[in-house]
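Structure record follows, encoded as structure tokens.
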Amino acid sequence: MVGSTVMTVSDTVFLSVNDRMVVGDRQVASFTQSGSSTVDVGQNLVIATRSSAAGSSYTLQGGTLNIANNLNVRNGSTFGQSSGTTTVGRNVVIRDASDYNQSGGVVSVSRNFTLRDASTATISAGSLSASRNLQFVNSNNSFTQSDGVVQIGGVLDLMVGSGNTYDLAGGRLEVMDSIDLDPANTFIWQSGGTLGVHGSSASIQFNGDLTASSGSILDLNSSTEFLAIGGSLTINDLTIDGYDLNLAAERSPSMVVTGDNLLLSGASITGEANITYSNFSGFDGAVEINPRDIFDPNTEDVYWYEQVGDNVSVYWSLTVPEPSSVCLLALSFGGLLLRRKRDTD
């Protein structure tokens, strides 16, 4: 247990606590970890068990912090990390107007990351991952991401209480299951904040009304990925970035092929003209045209972006390869077979 004194662990020191570790019980306390040090906590790490310890803090400036069970930040206290690695075996709970501040390093949470009772979390660099949910409990909690990566293996839950806010103002947010938003709470998407597809999912599901404000970025990688909005989508400024059409895989050697890949869907979509399509690839020689432009499908490979109903998609039309190209391809393949046969003689 740490009392009113300041404690520092640095260099290559190894500290092991078999039971729970408390920073601030009846009085304010601070604990700073840096260098290549290691702190192993056998049960919970609790910062400020009582209101009299408000203002207590744990600061990780380097090294490794392993918590077997939970990280509990309570009673107006702070957990801060600028470097190093934190691993939490169960949950992180920031409560009672306390603060989580990450400006670097890696934090991995095996279960839930929870903000409750007017608490705050700020991420300006580094990465935070929670294998289950990021959730807001009761009211007036705020999570501000200005950079770094936040990866959620379950749900980003803004369905409880009121006055809760997730502000994606930079960095990258990936949510595997869904982002669930009650109208009493707020999700802000702006200023270079990127919504990306989670590595274990093929889409981004947002349940609620969403506004893409100035500088919003949607990162879709391939033809199977899209953003689905359960409510309305208002687009003031949105860049859809890094999409691979892979039209070469769609082309047929014997017939004209047309198709489309879904990018956005919603109960209603307004402001499609405010979308910028950036860093798209895989056109296989197709040329962009405007919706409703006239083209010859027998001689022109084309693609275009268009909103039809409540979907925004990229459409394409591909010609049949010229016979000479097909013959050359066949000859090349035949030569390859002959060479392989000779090589085996």
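We use all heavy atoms of the structure for the numbers below, so side chains are in, but hydrogens, waters and symmetry mates are not.
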Would you tell me whether Gln61 and Ser82 have side-chain atoms, one donor and one acceptor, within less than 3.5 Å of each other? no

Side-chain donor-acceptor contact under 3.5 Å, Ser232 with Asp209: yes

Salt bridge present between Arg251 and Asp301 (N-O < 4.0 angstrom): yes

Can you classify the ring geometry of Phe206 versus Phe187 as parallel (below 30°), tilted (30 to 60°) or perpendicular (above 60°)? perpendicular

Please report whether the ring centroid of Tyr305 lies less than 6.0 Å from that of Tyr315. no

Does Asn236 use its side chain to pair, donor to acceptor, with the backbone of Ser214 at less than 3.5 Å? no

I'd like to know if the side chain of Asn112 and the backbone of Asn133 have a donor-acceptor N/O pair within less than 3.5 Å. yes

Keeping Asn279 on the side-chain end and Asp241 on the backbone end, is there a donor-acceptor pair under 3.5 Å? no

Closer than 3.5 angstrom, by distance alone: can the side chain of Asn164 be matched with the main-chain N or O of Asn140 as a donor-acceptor pair? yes

Under the 3.5 angstrom rule, does the side chain of Glu306 hit a backbone N or O of Val308 as a donor-acceptor pair? no

Are Tyr58 and Gln33 close enough that a side-chain donor and a side-chain acceptor fall under 3.5 Å? yes

Please answer whether the main-chain N or O of Ser57 pairs with a side-chain N or O of Ser30 as donor and acceptor at a distance below 3.5 Å. no

Distance-only donor-acceptor pairs under 3.5 Å for side chains of residues 268-276, two or more places apart:
residue, atom, partner, partner atom, Å
Glu272, OE2, Tyr277, OH, 3.2
Asn274, ND2, Ile235, O, 2.9

Donor-acceptor contact below 3.5 Å, side chain Asn185 vs main chain Gly163: yes

Identify the two heavy atoms, one from Leu218 and one from Leu227, that lie closest to each other, and give their separation to 0.1 Å. CD2-CB, 3.9 Å

Would you call the rings of Phe143 and Phe136 parallel, tilted or perpendicular if under 30° counts as parallel and over 60° as perpendicular? perpendicular

Phe280 and ring pair (Phe, Tyr, Trp, His ring centres under 6.0 Å): which partner among Tyr243, Trp304, Trp316? Tyr243

I need the Ser162 OG to Asn138 CG distance, nearest 0.5 Å. 9.5 Å

Do any N or O atoms from the side chain of Ser142 and from the backbone of Thr120 form a donor-acceptor pair under 3.5 angstrom? no

Donor-acceptor pair, distance only, cut-off 3.5 Å: does the side chain of Asn44 make one with the backbone of Val46? no

For the pair Asp157 (side chain) and Met159 (backbone), establish whether a donor and an acceptor sit closer than 3.5 Å, ignoring hydrogens and angles. yes

